[in-house]
Visitor: 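Got a structure here, written out as structure tokens. Questions coming.
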Amino acid sequence: MVHKVGELPTEPGGGQYHFPLMAYDHRSIETGWQKRWEEQGLYRSRVDWEKPKHYAVTMLPYPSGDLHIGHWYAMTPSDARARFMRMRGFNVLFPMGFDSFGLPAENAAVQRGVHPAKWTYENIDRMRGQLRSMGAMFDWEREIVSCEPGYYGWTEEIFRRMFEEGVAYRGEAMVNWSPALNTVLANEQVIDGKDERLGQPVIQKMMSQWFFAITKYADELLSYHGTDWPEPIKAMQNNWIGRSEGAFVDFTVEEGDAAGEKVRVFTTRPDTLWGATFMVVAPEHPLVDRLTTDDHRDAVTAYTDASSKRTELERTADDKEKTGVFTGGYATNPVDGEPVPVWVADYVLVSYGTGAIMAVPAHDGRDFAFARKFGLTITPVIHPAGEEPLDEPTMTDAYVGSGVMVNSGPIDGIEVTDAKGRANPAIAAALDWLDANDAGEETVNYRLRDWLISRQRYWGTPIPMIHRADGTVEPTADADMPVVLPEDVVFSGRSPLGELPEFLNTVDSDGNPATRETDTMDTFLCSNWYFFRYLSPNYAEGPFDPEEAAYWLPVDSYTGGAEHAVMHLLYARFFNKVIRDMGFFEETHQIMSAHGRDPGNDLDEPFKMVRNQGQILGEERIGDRVVVDGEMDGNRFVATSMKVDPAAQVGDGAIVGELMRRKERAMQVFDGTEMINVEVPEGALVDIPAIPGDNDIHQLKHHLEIERMSKSRGNVVNPDDLVELYGADTVRTYLMFAFEWTKGGPWNSKGIMGSQRFIDDVWKIGTVDYEAQNSSADADATLLRRCHQAIDRVQNGMESFKFNTSVAALMELRNSMTVVARDGSVSIEAWNEAVSIMLRLLAPIAPHITEQLWTDRGHDGSVHVAQWPQFDPALAAEDTITMVLQVNGKVRDRLDVPAQITETDAEELALASERIQEFIGDKTVRKVISRPPKLVNIVAN
RNA sequence: GCCCGGGUGGCGGAAUGGCAGACGCGGCGGAUUCAAAAUCCGCUGUCCGAAAGGGCGUGUGGGUUCGAAUCCCACUCCGGGCACCA
């Protein structure tokens, strides 16, 4: 790919190109600079209290084997932004590491007989090389690898402290057990009753496990004080934490074994207590046995046994139909002293609230369905606003709207709104009544459960605890810390730690024989605090060096995928608060203060700003040949049948052509001349030979659908190949330009050509033997204006994570400069200034080519430590502006006017326009809106 | 069901109250070439019109405003999260 020395077309400008012989050769230039930067230590970051700091982190990868395009998509803009901040005068830290404990390593060991450590380290080596090819400014001196004892030993230490503080505890609870993964899982790792890794069903088991008391922090986790996070992420976390305000109310058991005992329920609607006509307890509720009367015992036992055998998935899958049995027992409703029957049903979950509910069938859909099915009493206590009172026999649904309380004794007549908690007058009145009558207590309940962190797996951080012979647990002694994962083990798919006597057997603090904990920690713990370890990866006195922490913390910008919203991002916030409360930041605070930095609330949250990138999907599948039958309906064709058939000929059906893409409701088929919208109704016959069995519209959509990249789909875009072909700078530019970063989208293998042309043009601009032909001061000012407009736009895009607009601004500058280069219309000084600005603006995005050109053009030092061009609004301002003239809001004429034009002058010019007068005609001018210099709008009728 | 985010050309997208479609891909026409690639020049929302020009146009319907892709109300569709959560 060598460009010719060119006497290229001279029209219309009349100038000549003087392009050099050599095109931009990314192969020789990019790796060369990567090496030089490394040797020069260009990206080392040091604490410097004289300079403002910026700590930027992009989520560290799991060393799965190869860096994929998604990593590049996530990391490149983060790197560019870190570089941009550095050029703007910040002392920037941008580190990288590997989240290297986890299941895939262990699976590789089982399947291929490779030790997880070997597999992991080989992958890390390969990925390190791939990351270098990106040309990112990672400070490799600060790299962390979480499977090294130097890292996980500190996780263990933090665990020991958490145990002492009671934040880490061993508890017996109903937990999620994955038979497929051979381990328990946290609630966050179970989606729709299946594990998030393999999608295999998870069952409920009572087990003794290690937990972190994240619920203690539920309220603080709902506040994001001092942070700038995407609203959807906060919404997801809030949703997950699930705070509900309500009350505990005690119902007293009437007779039988449990007579006099209280059954506590949680309710968010204490106002409806007077309508509570029965109670339901979960099958696992501890009082079930004693509530059950002898004549109901067989039925209840049968029911609870059956439900214990069902998985979470089964319980929720066959949803609608409620099941349950009567215990025979009764409890007293405290508000009116009425006895209500107590039932057992699995629609009440033992894990939420108190595992028991008061049922208000008139005003709760689930209770209503249950009451109707089992013929239980329904008592309405809300009179719907502006309607007839509810009539029990004719009700077909629970009434959940607003109105006025009725049949509710002391709170009769009080208004019920749609508001939650005390903001609802009826709820407030009920809470006050409960308090005054000692019948219940106002409370807050959370959906969030404590974090189950033990895993019955080998390749993870050891839990530094010892099981004593007497059944109690104690932390590993200081001298034995950290507990190092033994390497010489045999893999069978089950954790080998329990079968390794030299690991298992130890002594307790009294010298008695004891055993080590063989479970390891959830790998999400590793990523809880790695951004602290980056600060001082070799620090031996603690998890992080307070001297570094005082300067760098907190993380100023954190970027990564939104899929971590309720796992990593929530856990990391929790851990940060725990570390703070255990006093790890005390010294850090002192050092901050000593340097005159007020710690304030800075260390309450780990990440000041979070931004999420979208996902790169596989390239769209188009061009399948299809045969469609059906008939035209308006401008769309409604199909009765659609068949994918590569050999289809014209005449095989009403429409034969290529399937182009899926619109919202229609498929588009291109028959060679026009694009036809084809609607495929649910009942239409669909035949896709590639998908066996009966096909329908959904499979057709799926067939076309742009999917996540995966090896099995064969749609993986390999960044190494792209770098080889186009160079890292082109790939970086394309990834930053092609999508709205937060959104992502399908890969387009042709689109990258635009970025390649851009990079080639930059090379031409930077190397052209520029000759001023007929330059003028005006042209100089115009070019400088374009440059300053570009500075503004590039800067804004970088700051607001709208990287595509930054690249677009640079492409526009390229367009202007290409014309200037051809015409020679500016002075050599103006040209050099413009090139210098352009190179600096582009440096964060395309670091290699800009560095080469910067050096070649005789600048001292690296472009990456050059100062960002100072934006000057005066230089960016146009002196003439096209003013739009409107009549009744429609554009009718345009005029070039001085930017400084006054309101009156603009108005006069507008009224003087012939075209405007034509449109005004014989109408009367009612009003003139003058917004100089952009617009004048004349209202006439 | 509840909670978020979104709907703009053939495509990715720009414009946050003031010229809709910047920038790029693709397409069309032309130059160069034996030819192709690459490169260069021009056109490219849609309808009417020979043109000048005009009508329409940011999911749908309504509203606020001199003026709405942008603000408000209702609906609809797409994506995501949560979900017998009491």
Side-chain angles (χ1 to χ4, degrees), chain A residues 1-4 6 8-12 17 19 23 191-192 230-240 242 244 246 265-269 272 280 315-316 319-320 322 345-349 351-360 364-367 369-370 400 445-447 562-563 565-566 620 622 660-661 663-665 668 670 675 734 737-740 742-755 757-758 760 793 802 804-805 807-812 814-815 818 822 882-891 894 915 926-929 931 934-940:
Chain A
M1 253 203 321
V2 172
H3 298 286
K4 286 180 188 165
L8 289 156
T10 53
E11 276 200 327
Y17 289 93
F19 287 135
I191 298 161
D192 293 335
E231 288 303 324
I233 299 293
K234 291 200 271 186
M236 279 188 237
Q237 292 206 353
N238 291 347
N239 221 330
W240 187 260
S244 356
V265 303
F266 172 73
T267 178
T268 56
R269 293 299 302 272
T272 61
V280 187
R315 271 200 186 191
T316 48
D319 47 3
K320 304 291 177 276
K322 297 269 180 296
D346 66 4
Y347 82 89
V348 173
L349 309 176
S351 56
Y352 185 78
T354 62
I357 63 156
M358 64 174 204
V360 184
D364 179 282
R366 296 150 301 177
D367 298 345
F370 194 80
V400 292
N445 192 55
Y446 300 91
R447 192 187 156 280
E563 68 275 14
V566 292
E620 206 169 359
I622 60 168
M660 294 315 282
R661 69 173 19 237
K663 298 278 279 186
E664 267 178 27
R665 303 180 94 139
Q668 290 192 316
F670 184 70
M675 193 72 81
Y734 181 59
F737 176 66
F739 313 90
E740 199 185 321
T742 54
K743 208 169 135 197
W747 180 256
N748 176 350
S749 49
K750 284 187 178 144
I752 195 169
M753 292 306 297
S755 300
R757 284 177 200 130
F758 170 68
D760 279 345
R793 291 174 57 199
K802 292 180 146 195
N804 52 344
T805 64
V807 178
L810 281 160
M811 284 177 167
E812 280 184 61
R814 172 269 311 258
N815 293 344
T818 303
R822 186 179 63 194
T882 303
M883 184 167 74
V884 171
L885 306 183
Q886 299 182 329
V887 176
N888 294 330
K890 282 187 195 291
V891 180
R894 294 181 176 84
R915 291 198 30 83
R926 301 289 173 193
K927 204 172 180 181
V928 180
I929 316 286
R931 293 281 178 275
K934 279 188 147 177
L935 159 142
V936 175
N937 184 17
I938 292 155
V939 186

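Every value quoted in this text rests on a predicted model; they were computed, and no experiment measured them. Each chain gets a letter, A, B and so on, in the order the sequences are listed, and its residues count up from 1.
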Visitor: Does rC23(B) have OP1 or OP2 sitting under 4.0 Å from an N or O in the side chain of R793(A)?
Guide: no
Visitor: Under 4.0 Å between a side-chain N/O of K890(A) and OP1 or OP2 of rC56(B), yes or no?
Guide: yes
Visitor: Could you give the distance separating rA51(B) and rU44(B) at their P atoms, to the nearest angstrom?
Guide: 13 Å
Visitor: Under 3.5 Å between N/O atoms: give me all the protein pairs with nucleotides 68-71 of chain B, atom names plus distance.
Guide:
none

Visitor: Students often get this wrong, so: under 4.0 angstrom with heavy atoms, is N937(A) touching a base, only sugar-phosphate, or nothing?
Guide: base
Visitor: If we take the P atom in both rG10(B) and rC77(B), what is their distance in whole Å?
Guide: 23 Å
Visitor: Does N804(A) put a side-chain nitrogen or oxygen below 4.0 Å from OP1 or OP2 of rG24(B)?
Guide: no
Visitor: What is the nucleic acid contact for R894(A), judged by heavy atoms within less than 4.0 Å: base, sugar-phosphate only, or nothing?
Guide: base
Visitor: So, is R757(A) close to the rU39(B) phosphate, meaning a side-chain N or O under 4.0 Å from OP1 or OP2?
Guide: yes
Visitor: Out of rC84(B), rC82(B), rC23(B), which nucleotide sits closest to the side chain of W240(A)?
Guide: rC82(B)
Visitor: When the C1' atoms of rA14(B) and rA20(B) are considered, how many whole Å apart are they?
Guide: 10 Å
Visitor: Could you check whether any side-chain N or O of R894(A) sits under 3.5 Å from a backbone N or O of V884(A), counting only pairs where one atom can act as donor and the other as acceptor?
Guide: no
Visitor: Considering every strand shown, what is the Watson-Crick or G-U wobble mate of rC40(B) when both distances are under 3.5 Å?
Guide: rG30(B)
Visitor: Any donor-acceptor pair under 3.5 Å between the side chain of K934(A) and the base of rC19(B)?
Guide: no
Visitor: Measuring from the side chain of K927(A) (C-beta onward, heavy atoms only), which nucleotide among rC84(B), rG24(B), rC66(B) has the closest atom?
Guide: rC66(B)
Visitor: How far does the C1' atom of rG21(B) sit from the matching atom of rU46(B), given to the nearest Å?
Guide: 13 Å
Visitor: Which nucleotide wins on minimum distance to the side chain of D346(A), given the candidates rC84(B), rA15(B), rC25(B)?
Guide: rC84(B)
Visitor: Write down the partner of rU58(B) under the Watson-Crick or G-U wobble criteria, each distance required to be under 3.5 Å.
Guide: none
Visitor: Between rA69(B) and rG80(B), how far is it from one C1' atom to the other, in whole Å?
Guide: 24 Å
Visitor: Regarding rC82(B), can its base be found pairing with the side chain of N239(A) as donor and acceptor, where the two atoms are less than 3.5 Å apart?
Guide: no
Visitor: So which nucleotide does rG12(B) pair with, by the Watson-Crick or G-U wobble rule with both distances under 3.5 Å?
Guide: rC23(B)
Visitor: rG12(B) and rG6(B): how far apart are their C1' atoms, nearest whole angstrom?
Guide: 16 Å
Visitor: Taking the nucleotide of RNA chain B with the closest heavy atom to each, which residue, I357(A) or A808(A), is nearer the 5' end?
Guide: A808(A)
Visitor: Check whether any side-chain N or O of N815(A) sits under 4.0 Å from OP1 or OP2 of rG24(B), and answer yes or no.
Guide: yes
Visitor: Would you kindly compare F739(A) and R447(A) by the position of their nearest RNA chain B nucleotide and give the one closer to the 5′ end?
Guide: F739(A)
Visitor: Check this one for me: any side-chain N or O of S244(A) less than 4.0 Å away from OP1 or OP2 of rA86(B)?
Guide: yes
Visitor: Taking rG53(B) as the reference, what is the distance to rU58(B) when you measure between their P atoms (whole Å, please)?
Guide: 24 Å
Visitor: Would you measure the distance from the C1' atom in rA15(B) across to the matching atom in rU8(B) and give it in whole Å?
Guide: 10 Å
Visitor: So, for Y734(A) and W747(A), is the gap between ring centers shorter than 6.0 Å?
Guide: yes
Visitor: What nucleotide, of rA86(B), rC19(B), rG24(B), holds the atom closest to the side chain of V348(A)?
Guide: rA86(B)
Visitor: Just the rounded figure in Å: distance from P of rG24(B) to CD of E812(A).
Guide: 8 Å
Visitor: rC19(B) phosphate, OP1 or OP2: any side-chain N/O from R931(A) under 4.0 angstrom?
Guide: no
Visitor: Between rA86(B), rG13(B), rG26(B), which nucleotide gets closest to the side-chain atoms of K750(A)?
Guide: rG26(B)
Visitor: If the cut-off is 4.0 Å, is K234(A) near the phosphate of rC4(B), judged by side-chain N/O to OP1 or OP2?
Guide: no
Visitor: For a quick check of understanding: with a heavy-atom distance under 4.0 Å over all strands, which category does N888(A) fall into, base, sugar-phosphate or nothing?
Guide: nothing
Visitor: Touch check for V939(A), heavy atoms < 4.0 angstrom, all strands: base, sugar-phosphate only, or nothing?
Guide: sugar-phosphate
